[in-house]
Amino acid sequence: MTRVLVLNGPNLGRLGTRSPEIYGSETLEDLREQLSGSVPDGSSVDVRQTDDEGTLIGWLHEAVDEGMPVILNPAAFTHYSYALRDAVAIVTEAGLPLIEVHLSNPHSREEFRHTSVITGVATGVIAGLGFDSYRLALSAVLRRVTPGS
Ligand code: DQA
């Protein structure tokens, strides 16, 4: 059984009502249902959200200890958290895929969003496609951990 951790950073618990013109009107619970419904047999998703940097880092350490691939939307931490970057590097250096995702396209927004301190240590990045960013990331991580899927 492959369990994929889908980790979401600060303010993503407010999806549905937070800037719907940017992030859409669907909620994190909708994301959980859609990903759980589309995951192939033999795999599962564990969708989590926190506003706390330390909790997010702890979950990345758990991914390493349990050998779980990760989809990560670091939210605003993307742009400045070197502690999160170091934790992401521990995941990818352990040989586990970690895809950075964003609902919006940060490059088409304010200048401070154009920098990601995470991308340089992530396996890949998918941005600007709403929930499709997560769906594509899920298919990519599963292909990496279960070749042929
Ligand atoms: C985001 C983009 C970030 O700039 C922002 O701080 C978020 C969400 C996205 O999914 O588009 O909280 O990561």
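All ligand and atom numbering here is 1-based and tracks the order in the structure.
- Scanning all heavy atoms of the two residues, the minimum distance from P69 to L96 falls at N-CD2, 4.3 Å.
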Report, one line per pair, each donor and acceptor closer than 3.5 Å where one atom sits in a side chain of residues 51-58; sequence neighbours left out.
residue : atom : partner : partner atom : Å
D51     : OD1  : N11     : N            : 3.0
D51     : OD1  : Q49     : NE2          : 2.9
D52     : OD2  : G54     : N            : 3.4
D52     : OD2  : T55     : N            : 2.8
D52     : OD2  : T55     : OG1          : 2.6
E53     : OE2  : S81     : OG           : 2.4

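- Checked against ring-ring contact (aromatic ring centres under 6.0 Å, His included), Y82 has no partners two or more places apart in sequence or in another chain.
- Residues passing the ring-ring contact (aromatic ring centres under 6.0 Å, His included) test with H61, sequence neighbours excluded: none.
- Between A75 and P10, the closest heavy-atom pair is CB-O, 3.3 Å.
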Give every pair formed by an N or O atom of ligand 1 and a protein N or O atom closer than 3.5 Å, one pair per line with both atom names and the distance to 0.1 Å, or write none.
residue  : atom   : partner : partner atom : Å
ligand 1 : 4 (O)  : H79     : NE2          : 2.7
ligand 1 : 4 (O)  : R113    : NH1          : 2.9
ligand 1 : 6 (O)  : A76     : N            : 3.2
ligand 1 : 6 (O)  : R113    : NH1          : 3.0
ligand 1 : 10 (O) : N73     : ND2          : 2.8
ligand 1 : 10 (O) : L103    : N            : 2.8
ligand 1 : 11 (O) : L103    : N            : 3.3
ligand 1 : 11 (O) : S104    : N            : 2.8
ligand 1 : 11 (O) : S104    : OG           : 2.5
ligand 1 : 12 (O) : R18     : NH1          : 3.1
ligand 1 : 12 (O) : R18     : NH2          : 3.0
ligand 1 : 13 (O) : N73     : OD1          : 2.8
ligand 1 : 13 (O) : H102    : ND1          : 2.8

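- Atom OG of residue S43 and atom CG of residue L35 lie 12.5 Å apart, to the nearest 0.5 angstrom.
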